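One-based numbering, in listed order, for ligands and for the atoms of each. None of the values given here were measured: they were computed from a predicted structure.
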Amino acid sequence: MDAIVTRFPPSPTGYLHVGGARTALFNWLYARHTQGRFVLRIEDTDAKRSTQTSVDAIFEALEWLGIDWDDGPYFQSRRFDVYAEYIQKLLDNGHAYYCDCSPERVETVRQAAMATGGKPKYDGACREKGLGRGGDTVIRFKAPTTGTTVIEDVVKGDIVFQNSELDDFVIARSDGTPTYNFVVVVDDITMGINTVIRGDDHVMNTPKQILLYHALGEPLPAYGHVPMVLGPDRARLSKRHGAMSVTAYRDMGYLPGAVINYLVRLGWSHGDQEFFTREELIEKFSLEHIGKSAGIFDLEKLQALNADHIMAAKPADLFAPLCPFLEKHMEGLQGELKCDAWMEKVIETLQPRSKTLEDMADQARFYFGDTVDYEEKAAKKILKPAAAEPVQCLVEELKQLDPFEEKALENAFQAVMDKTGLKLGKIAQPVRVALTGRTASPGIFEIVALLGRKTVLQRLEKALDYIQTRSE
Ligand code: GLU
């Protein structure tokens, strides 16, 4: 069998949204799974709605997701000569004709067809007139009027259309510009596309496209129309269900691997497996297991999966994507952020506790900077006079602790427990608030070791001062 060639043809009229990204992923994964080719094409023939900003946003999102292409990007706006050649082919082989009906006349016949219970279609008045090109002529496709056109859909099964309901649609406007369904077919033919996976909002276009293939004597691609992504209320996904743009998830601290995993699982399954690496998706993806029902976008599930991907990542791999969040959270941060052994350990302590990188950076604040701000509630509740004794006692232990390492630290805390008769929790909580400003943090021995003796002693002394001022 020939190599699989798939494509992603976004219209650059906005950012890459969640549904579009899922379509891109299905096509990309299928090409990668079969060691075929994946083509990127920008459908920018609608000059009024297409913008360079959208083109850039689409590239940026694809790059972030790690979706790479083997061919393209092609721009439809630069391919008018190819379309002209194919229009001429259809005129020459009798599958297209010039029509000079006025828009008003066309509208009247469409209304009349509807009034008698039919589809609003053009009546084919110019079909046999043999008109040539004129100032106001469009070119129409001569569609068959009997029989059926069938989409043999790999997702939905056969979808049958009565040709009597299809009309002689326009393939070139009076200014010569080709229309949407026509250019899609010409592109898919000339780019060697043999597998078309797209949203089922395109189902109504497909019979027209199939008829064009037949008229051009070209073999059909395999089609798969994928159900839309819906919000939890089963309405079509929109802004009110959460961010629509893929890169907005990057900016909220999601990992591309998690977003990919989530989007693919929204319309495809492999048993009951939920967590997939990129490599696993490539290995396991198949068209057979694309679901027939709509995927429901659930932000909480995405967040849970993101937490799993953060947990599974190597700390060093999280450093680069985490940096912008650290910088945002720590204005006036001293020195450069470096991915050294210390930083990797810092990340490791936060991995089990972070849903997003934003969340991780927020929890990482106490590791950086000279001082720590107390959360008011935490300080009030925990840094009470009764905490002074164990904190003071720990200060004495830590001053002389050598080496200042996790194992030795356990002994230092044990010594404080012995001396004060307090349980570990009663000592660890004030120390935690003193060091992090909060009542929740990574393990106490880990953070003491990572902050180092100087910082820990400074912060414990500061906490003692705070306790002192409270008891005055
Ligand atoms: N440009 C179309 C869109 O963005 C896709 C067309 C197709 O997949 O055939 O929805």
Side-chain angles (χ1 to χ4, degrees), residues 4-31 37-62 65 67 69 71-79 82-83 86 149 151-156 159 161 169 171 177-213 216 218 220-229 236-238 244-246 263 267 287 290 294:
I4 296 293
V5 187
T6 65
R7 54 24 160 218
F8 179 54
S11 305
T13 54
Y15 43 69
L16 181 63
H17 58 79
V18 163
R22 189 188 59 162
T23 304
L25 275 166
F26 283 175
N27 283 285
W28 177 76
L29 284 172
Y30 191 50
R37 283 192 307 124
F38 175 67
V39 179
L40 180 64
R41 172 169 89 224
I42 303 295
E43 302 208 320
D44 59 349
T45 42
D46 185 344
K48 278 200 215 81
R49 295 179 60 225
S50 303
T51 64
Q52 186 59 40
T53 314
S54 301
V55 173
D56 295 342
I58 290 167
F59 287 163
E60 187 187 334
L62 291 174
L65 290 172
I67 298 180
W69 50 93
D71 212 354
Y74 294 101
F75 290 83
Q76 287 186 328
S77 57
R78 300 179 198 163
R79 291 172 50 80
V82 185
Y83 307 137
Y86 275 79
T149 297
I151 312 177
E152 293 174 14
D153 196 288
V154 294
V155 177
K156 294 180 183 286
I159 310 172
F161 294 84
F169 55 93
I171 57 172
T177 56
T179 56
Y180 174 73
N181 283 301
F182 179 73
V183 296
V184 167
V185 169
V186 174
D187 283 344
D188 285 343
I189 290 171
T190 51
M191 294 171 193
I193 308 298
N194 55 23
T195 310
V196 171
I197 305 162
R198 61 186 169 205
D200 65 3
D201 49 338
H202 285 283
V203 164
M204 297 311 287
N205 290 323
T206 308
K208 295 181 184 174
Q209 296 183 10
I210 290 178
L211 291 174
L212 286 168
Y213 274 92
L216 288 163
E218 295 286 346
L220 289 179
Y223 286 108
H225 291 89
V226 182
M228 297 281 96
V229 180
R236 197 169 163 174
L237 198 63
S238 70
M244 294 286 291
S245 114
V246 166
L263 291 181
L287 299 186
I290 293 179

> What residues form a side-chain contact (heavy atoms from CB on, under 4.5 Å) with Ser245, not counting sequence neighbours?
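Listed in chain order: Tyr15, Thr247, Ala248.
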
> Can you spot which of Ser11, Ser50, Ser54, Ser77 makes a side-chain hydrogen bond (donor to acceptor under 3.5 Å, both in side chains) with Asp44?
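Only one option passes, and that is Ser77.
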
> Using side-chain heavy atoms (C-beta onward) and a distance below 4.5 Å, is Lys208 in contact with Val185?
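No, their side chains stay 4.5 Å or more apart.
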
> Report yes if some heavy atom in the side chain of Asp187 is under 4.5 Å from a heavy atom in the side chain of Arg7; otherwise report no.
no

> Is there side-chain contact between Leu216 and Ile189, with heavy atoms separated by less than 4.5 Å?
yes

> Within a strict 4.5 Å, meaning less than it, do heavy atoms of the Arg198 and Val184 side chains meet?
yes

> Mind listing the N or O contacts between ligand 1 and protein, cut-off under 3.5 Å?
unit_1: ligand 1; atom_1: 1 (N); unit_2: Pro9; atom_2: O; d: 2.7
unit_1: ligand 1; atom_1: 1 (N); unit_2: Ser11; atom_2: OG; d: 2.9
unit_1: ligand 1; atom_1: 1 (N); unit_2: Glu43; atom_2: OE1; d: 2.6
unit_1: ligand 1; atom_1: 4 (O); unit_2: Ser11; atom_2: N; d: 3.3
unit_1: ligand 1; atom_1: 4 (O); unit_2: Ser11; atom_2: OG; d: 3.3
unit_1: ligand 1; atom_1: 8 (O); unit_2: Arg7; atom_2: NH1; d: 2.8
unit_1: ligand 1; atom_1: 9 (O); unit_2: Arg7; atom_2: NH1; d: 3.4
unit_1: ligand 1; atom_1: 9 (O); unit_2: Arg7; atom_2: NH2; d: 2.8
unit_1: ligand 1; atom_1: 9 (O); unit_2: Arg198; atom_2: NH1; d: 2.8
unit_1: ligand 1; atom_1: 10 (O); unit_2: His202; atom_2: NE2; d: 3.0

